[in-house]
Number of protein chains: 2
Amino acid sequence: MRAINRFNVLDTIRRAGSIARIEISDRTQLSTTTVSAITASLLDDGLILARTEGDLREAATRGRPRVMLELNPDAARVVGAKIAANRMVFVVTDFCGEVLSTLTLALRVDRQPIGVIADLIEDGVRRCVVDANLALDEIDSVCLGLPGVVEHRTGHIRTSPIFRESGVDFAKDMSERLGVTTIVESDAHAITLAHHWFGQARDLDDMVLVSLEQTLGLGVLHGGQLFRGAGGLSHNLGDLVLGMGPQGIIRLASLAGESAILGDQPSGRFAEAIRLGRGMAHAKTLIDAEDNTLISAAIRAGEACGMALANIVTLFAPPRVILVGSSLALGQPFLDSLREAYSLAIPPSIKGVTELVFDQSTDETWAQGAAVVALRELYESPWGTTGPAPAL
Amino acid sequence: MRAINRFNVLDTIRRAGSIARIEISDRTQLSTTTVSAITASLLDDGLILARTEGDLREAATRGRPRVMLELNPDAARVVGAKIAANRMVFVVTDFCGEVLSTLTLALRVDRQPIGVIADLIEDGVRRCVVDANLALDEIDSVCLGLPGVVEHRTGHIRTSPIFRESGVDFAKDMSERLGVTTIVESDAHAITLAHHWFGQARDLDDMVLVSLEQTLGLGVLHGGQLFRGAGGLSHNLGDLVLGMGPQGIIRLASLAGESAILGDQPSGRFAEAIRLGRGMAHAKTLIDAEDNTLISAAIRAGEACGMALANIVTLFAPPRVILVGSSLALGQPFLDSLREAYSLAIPPSIKGVTELVFDQSTDETWAQGAAVVALRELYESPWGTTGPAPAL
DNA sequence: GTATTTTTAACGGAATGCGAATTAAATAAC
DNA sequence: GTTATTTAATTCGCATTCCGTTAAAAATAC
């Protein structure tokens, strides 16, 4: 019970950024007495800080001024990472989720042996931590955001475009390598939480996010919690079936996946751009130069995404859908056809329920989302005076 | 806190049917002391009964014999109803969900004015209650299961094939007519809970049910709770888009809805059978007589359903999917093509995660499911010594 | 100084949960 | 037939935690 209330108070403080006790009592419906007791213990554990100044009401109010409480950024540090096929992005954040250092490695890792990938990740984490002027043992938790189907609870990677193997217990591997608790999560789930904490869904506890990257992912927020499938695994939108063609099943990935849009580019400048992870940006310049092959690929992809999106809205009926990912960089042809297909396909009965938002987040935001995944687990874990208590 | 534990204990007793306190303590992780206190209060409120005999362990065990606890069937009575376009089925059940009386009205109500439909439902409820040798004021709650998109929380019917109007506040209407708390729920959600309590999902807290009736519905059970969309509304699978054809969007309903399979039958014996709600049964006899039009319609429908099913499994990854509804009566051509399309469309990465179960429930089971919806709300509501306390 | 508002402190009461001891009810052993 | 043993359930005492009330302390405006 205390644990629940404690978490609620802490989360209220985080959402507000800076808030007085009496306001917490208002929002959480807890008595001022209880809030005082809980905040005292949070202050004691060093999770929050008190600031005397900063009362935003009119200065001309009488009475004892409010003491504003806010998260103590130094209460914990975590590492978040976005691992993609052609790049890795690491961030170190403080307890508030603010980024302390960033590291981007542009290198193609897909289909490497698992040991090689683990080596690179380990290296990236260590370097990013050093960049933040920290040592690894000052890091409380690491979260890796990966594409594909990830079982967060068990730490297994079911399938991922960056691994040849399937069913890897990657969380355990990396925990042992780093000597720090390491968890894994789908990259789509990570960016979903990033938007919940910092982005376009700060005001919402229910929403859906669709990520259009090399892999097509989905994040569903339901009551402020990620909706993970039974078994805790993430979704792979690319596997959605859009119809039956002459050569069999047509999946979304085959129309809207990165390779479907960019095509097979065996050589040349475009192929080089793709290899370096600039494929979509380069495609945009080609589209602007009216490359008809690419334009029609983008339109096809947009239509497919719009239809799939309509199906997802039919199933989840969220107030807002956020679209993110590199494919958005394709620009008008893609976005217009997506919007058009969506409004055609959305059933009339739920028209107007859902708002569509496009968001071009940087890779850093994705990594920050992974950090948020780690932080959320810290928030819920019991704390001693020195740091988070080890799990039972 | 007590309320939560109380509900847990009550639900544990319901699941077990008959169970000793010490066993409850085992399963709920509550101390025997707490279980004793809670069961005492439940006994006091008349919600459960104690039975001295019935200890199923070997008779030759020493020690004080266990006192088995079970639900008191007489603690409450509810009415559940399945309202379909061409029939209404009512049941009165006791507190355990056991059916006390049944009433089927075979009449076509779709597109009647709302007052007429309400009249018929009111009449059905009253007659079914009388059949159970009860008076309406002995009924604690009524739940109506309707096809279409239903907002359970607010009691509004967003769209339903049986109403001309949309956005009707039907729960309020019927509550006033009957003088009994009346709630509404999607028929698919009702049958989902029926399977959770009595059917093929007794052992599962996570599963998905797909109902193939006149309307195509979906029920998602997640952690023992129905997963309702962000506004508490139900899903309409028929609106799912399966592809783009020459005449525009192809929705599942246009391939696998009842009218899509049976076709437009303006007259004749078949049309008469459809009007009476025997359409699918009659179709089966025609299929057995090798009516090629129907066979190919059934195959098309099966394929469409199989693909849609694969998409749902991709999104929810439940351990089990239960398929119910009148369309199952089409037999082999439909089921075989469904299975085949499903196994083609299911992505390899989650092959084997989900088990497919077909279930031909009677209409009574659907109505019983609606009763379960009502009972679950009673279970959670606070009780006085005389009956459920009125909502605040 | 007085008034006002926020925060902390102190006390009592109520609810809840747990552990230990106790009682209850049966069988097994003698 | 009595006693011991075993298992189930209850009782009792204790700790926690919450809330409400009241009062005091802190800090500022007037």
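Within every chain, numbering begins at 1; the chains are lettered A, B, ... in the order of the sequence lines, protein sequences first and strands thereafter.
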**Q** Between Arg66(A) and dT28(D), is there a side-chain N or O to OP1/OP2 distance below 4.0 Å?
**A** no

**Q** Using whole Å, what does the distance between atom P of nucleotide dT16(C) and atom CG of Asn8(B) come to?
**A** 15 Å

**Q** Taking the six-membered ring for Trp, are His222(A) and Phe227(B) parallel (under 30°), tilted (30 to 60°) or perpendicular (over 60°)?
**A** tilted

**Q** To the nearest 0.5 Å, what is the distance between CG on Leu209(A) and CG on Leu193(A)?
**A** 10.0 Å

**Q** With heavy atoms under 4.0 Å as the rule, sort Ala40(B) into base, sugar-phosphate or nothing.
**A** nothing

**Q** Roughly, in whole Å, what's the span from CD1 in Ile22(B) to C1' in dA24(C)?
**A** 14 Å

**Q** Heavy atoms only, 4.0 Å cut-off, all strands: where does Val67(B) land among base, sugar-phosphate and nothing?
**A** sugar-phosphate

**Q** Any side-chain donor paired with an acceptor under 3.5 Å for Glu70(B) and Ser18(B)?
**A** yes

**Q** Side-chain N or O of Asn5(A) versus OP1/OP2 of dT17(D): is the shortest distance under 4.0 Å?
**A** no

**Q** Measure the distance from CE on Met68(A) to C1' on dT7(C) and round it to the nearest whole Å.
**A** 14 Å

**Q** Taking atom P of dT17(D) as reference, at what distance in whole Å does atom CZ of Phe7(A) sit?
**A** 19 Å

**Q** Do Thr34(B) and Ser31(B) have side-chain atoms, one donor and one acceptor, less than 3.5 Å apart?
**A** yes

**Q** Cationic tip of Arg202(A) within the cone over Trp197(A)'s six-membered ring, i.e. under 6.0 Å and within 45° of the normal?
**A** no

**Q** Which nucleotide in the set dT7(C), dT16(C), dA25(C) lies at the smallest distance from any side-chain heavy atom of Pro65(B)?
**A** dA25(C)

**Q** Nearest of dG20(D), dA9(D), dA20(C) to any side-chain atom of Thr33(A)?
**A** dG20(D)

**Q** Please pick, from dT8(C), dC18(C), dT7(D), the nucleotide with the shortest atom-to-atom distance to any side-chain atom of Arg64(B).
**A** dT7(D)

**Q** Is any side-chain heavy atom of Arg6(A) closer than 4.5 Å to one of Leu42(A)?
**A** yes

**Q** For Leu30(B) and dG17(C), what is the distance between atoms CG and P respectively, to the nearest whole Å?
**A** 7 Å

**Q** Evaluate the side-chain contact (heavy atoms from CB on, under 4.5 Å) criterion for residues Leu30(B) and Ser25(B): first the C-alpha distance (whole Å), next the side-chain angles of each, then the deciding distance (0.1 Å), finally the verdict.
**A** CA-CA 5 Å; Leu30(B) 292 167; Ser25(B) 158; 5.7 Å; no

**Q** Give the rounded distance in Å between these two atoms: CD1 of Ile4(A) and C1' of dT16(D).
**A** 14 Å

**Q** Taking the nucleotide of DNA chain C with the nearest heavy atom to each, does Thr32(B) or Ile38(B) sit closer to the 5' end?
**A** Ile38(B)

**Q** Please report the distance, rounded to the nearest Å, between CZ in Arg2(B) and P in dA14(C).
**A** 16 Å

**Q** Are OP1 or OP2 of dG17(C) and a side-chain N or O of Ser31(B) less than 4.0 angstrom apart?
**A** no

**Q** Between the two end axes of the helix from dG1(C)-dC30(D) to dC30(C)-dG1(D), each built from 5 base pairs, what angle do you get to the nearest 10°?
**A** 20°

**Q** Specify the separation, in whole Å, of atom CD1 of Ile24(B) and atom P of dA9(D).
**A** 9 Å

